There are 2 protein chains.
Amino acid sequence: MAQSDTVDRILDAAEELFADRGFSETSLRMITSKAKVNLAAVNYHFGSKNALIHAVFARFLTPFSATLENAFDELEERCDGKPPTLNQTLWALTESAVRMPQRNEKGISIFMRLLGLAYTQSQGHLRKFLEQEYSEPFSRFMRLLKEATPQLSSVDRYWRIQFMLGATAFTMSSSDALRDILQNKLGVETTIQEIAARLVPFLAAGMQAEDAMLIPPAGSKVSVA
Amino acid sequence: MAQSDTVDRILDAAEELFADRGFSETSLRMITSKAKVNLAAVNYHFGSKNALIHAVFARFLTPFSATLENAFDELEERCDGKPPTLNQTLWALTESAVRMPQRNEKGISIFMRLLGLAYTQSQGHLRKFLEQEYSEPFSRFMRLLKEATPQLSSVDRYWRIQFMLGATAFTMSSSDALRDILQNKLGVETTIQEIAARLVPFLAAGMQAEDAMLIPPAGSKVSVA
DNA sequence: GTGCGCTTCAAACGTATGTTTCAAACAGAC
DNA sequence: GTCTGTTTGAAACATACGTTTGAAGCGCAC
């Protein structure tokens, strides 16, 4: 820990603890004792626990959304009017995430887990905060997805986007644990980049699957081309 | 609410509140006041809050895992030695879930949300409980998946299974909210069966995607067949 | 050195939580 | 009806939480 500034120490400790245990399960006392600062420092510098949660997200998300906007700009310029493909759009996103300057070796995976938690834990204030602050890059991503999958109906696309978000958020949210399991079971090391490299083709294939079939009768033998 | 038994009233209330708000965010007082029973009844009948959480899961999961075992038996018998296909395996699972006798109209979606939370909220005791009690149908499902995707390397299969779990748990865990959004934005009603009918092809396609590509250099134009 | 913001600190506050207690109410057997 | 084991009830318990307080410490201009 190079920096000795109180605010950053709190943010570092909070980020890690939130990622490990969730928001409600992490108390201010855990954070302040890990950060080696006084308990009151959180309320002094941030105002409240919820505001601290927002600050943790903002510290990563604000530069990230700027990077992402640039990546989308570059992509659309390169495509010269034609809408980018699904793969290009997904790669623009993951590359932006992976290439963010990272505070420490855990870096991106901690934050991916936080994003997963943000979606999962029903913290109303957090969802509201994220929607208010980062609606623009999100809508832009959605628009690109729409243009990249014109063959899908709105309803199909809607659900498949949810499936994509789920696979991503869920995997990222527990990627440390999953990597450990893999390490132990198969003796394989895995970087976050490699996970992304596996995830993107999975998502793209699912997104472009043949039209959803109706519910088949029990006992029918369904097969995939 | 037909039943007036205290234990069931507690379980009903707890199930719904846990699904709405998560485990840590739901207090025993919320549960007992919703169930219209005395606060002490929870500790009297279940012993602790954690034990109540386990009981909520067991009430659904025990009959479900029996149903699932039957479905797998039937499937393997029908396939007569040959390993069932990926689609058959996935459908056996979703059919078993959807056909479970449901306590009320919300039924399965509440429980799907609970399963999602179980994976996401890092409640150590819950994960331990689920692994101990329901490891058998889980391992069997994993074995069927392995036999249905012999073309995948162990590592690829491992990660893709995580992606599937993520898409499923995540979507199901917020399916009520998602359905409401869809209802409002596009005016479309969606049943849990229809979600499953969209999810399974997505998962199957992702699972059988072409081999994961390596990380492409920035600016490369990748496209999917 | 004195005075003035800003920051830290120990302590306390009020509230909410899970759990325990023990008396009252109840149900069924005899 | 009386006894007995089980279930309910109101109240209290101990603990943990987020937040607030007010004094002490600090750096720096003057």
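Since the model is a prediction, treat every value here as computed from it, not as a measurement. Chain letters run A, B, ... following the sequence lines, proteins first and then strands; every chain starts at 1.
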Inset, instruction - Output all residues satisfying ring-ring contact (aromatic ring centres under 6.0 Å, His included) with Phe64(B), sequence neighbours left out; order by chain, then residue number. - result: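 Partners of Phe64(B) under the ring-ring contact (aromatic ring centres under 6.0 Å, His included) test: Phe60(B).
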Inset, instruction - Please name all residues satisfying ring-ring contact (aromatic ring centres under 6.0 Å, His included) with His125(B), sequence neighbours left out, ordered by chain then number. - result: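 Scan of His125(B) (ring-ring contact (aromatic ring centres under 6.0 Å, His included), adjacent residues dropped) gives His54(B).
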Inset, instruction - Please list all pairs passing the ring pair (Phe, Tyr, Trp, His ring centres under 6.0 Å) test where one or both residues lie in residues 27-49 of chain A, with sequence neighbours left out. - result: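 Output for this query is empty, none listed.
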Inset, instruction - Describe the nucleic acid contact of Thr26(A) in one word from base, sugar-phosphate, nothing, applying a heavy-atom distance below 4.0 Å. - result: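 Sugar-phosphate, no base atom in range.
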Legend entry - Within residues 28-43 of chain A or reaching into it, pairs that qualify as side-chain hydrogen bond (donor to acceptor under 3.5 Å, both in side chains) - sequence neighbours excluded: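 Passing the test, one end in residues 28-43 of chain A: no pairs.
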Legend entry - Leu93(B) side, atom CG; Thr89(B) side, atom OG1 - distance, nearest 0.5 Å: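 So the gap between those two atoms works out to 9.5 Å.
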For [X], enumerate each residue passing the side-chain hydrogen bond (donor to acceptor under 3.5 Å, both in side chains) test, keeping only those at least two apart in sequence or located in another chain.
X: Thr149(B); answer: Arg157(B)
X: Ser24(B); answer: Glu25(A), Gln123(B)
X: Glu69(A); answer: Arg140(A)

Legend entry - Nucleotide interval of DNA chain C bounded by contacts with chain A (heavy-atom cut-off, under 4.0 Å):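 Span of nucleotides near chain A: dC6(C) to dA12(C).
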Inset, instruction - Sequence neighbours left out, what passes salt bridge (charged side-chain N to carboxylate O under 4.0 Å, His left out) with Glu133(B)? Give chain and number order. - result: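 Per chain and number, Glu133(B) pairs via salt bridge (charged side-chain N to carboxylate O under 4.0 Å, His left out) with no residue.
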Inset, instruction - Could you list the residues that satisfy salt bridge (charged side-chain N to carboxylate O under 4.0 Å, His left out) with Glu147(A), not counting sequence neighbours? - result: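 Partners of Glu147(A) under the salt bridge (charged side-chain N to carboxylate O under 4.0 Å, His left out) test: Arg143(A).
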Legend entry - Start and end of chain B contact along DNA chain D [non-hydrogen atoms, under 4.0 Å]: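 Terminal contacting nucleotides, 5' to 3': dT6(D) to dA12(D).
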Inset, instruction - Can you sort out which residues in residues 35-51 of chain A have a heavy atom within less than 4.0 Å of DNA chain C? Ascending by number, please. - result: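 Contacts with DNA chain C under 4.0 Å: Asn38(A), Ala40(A), Tyr44(A), His45(A).
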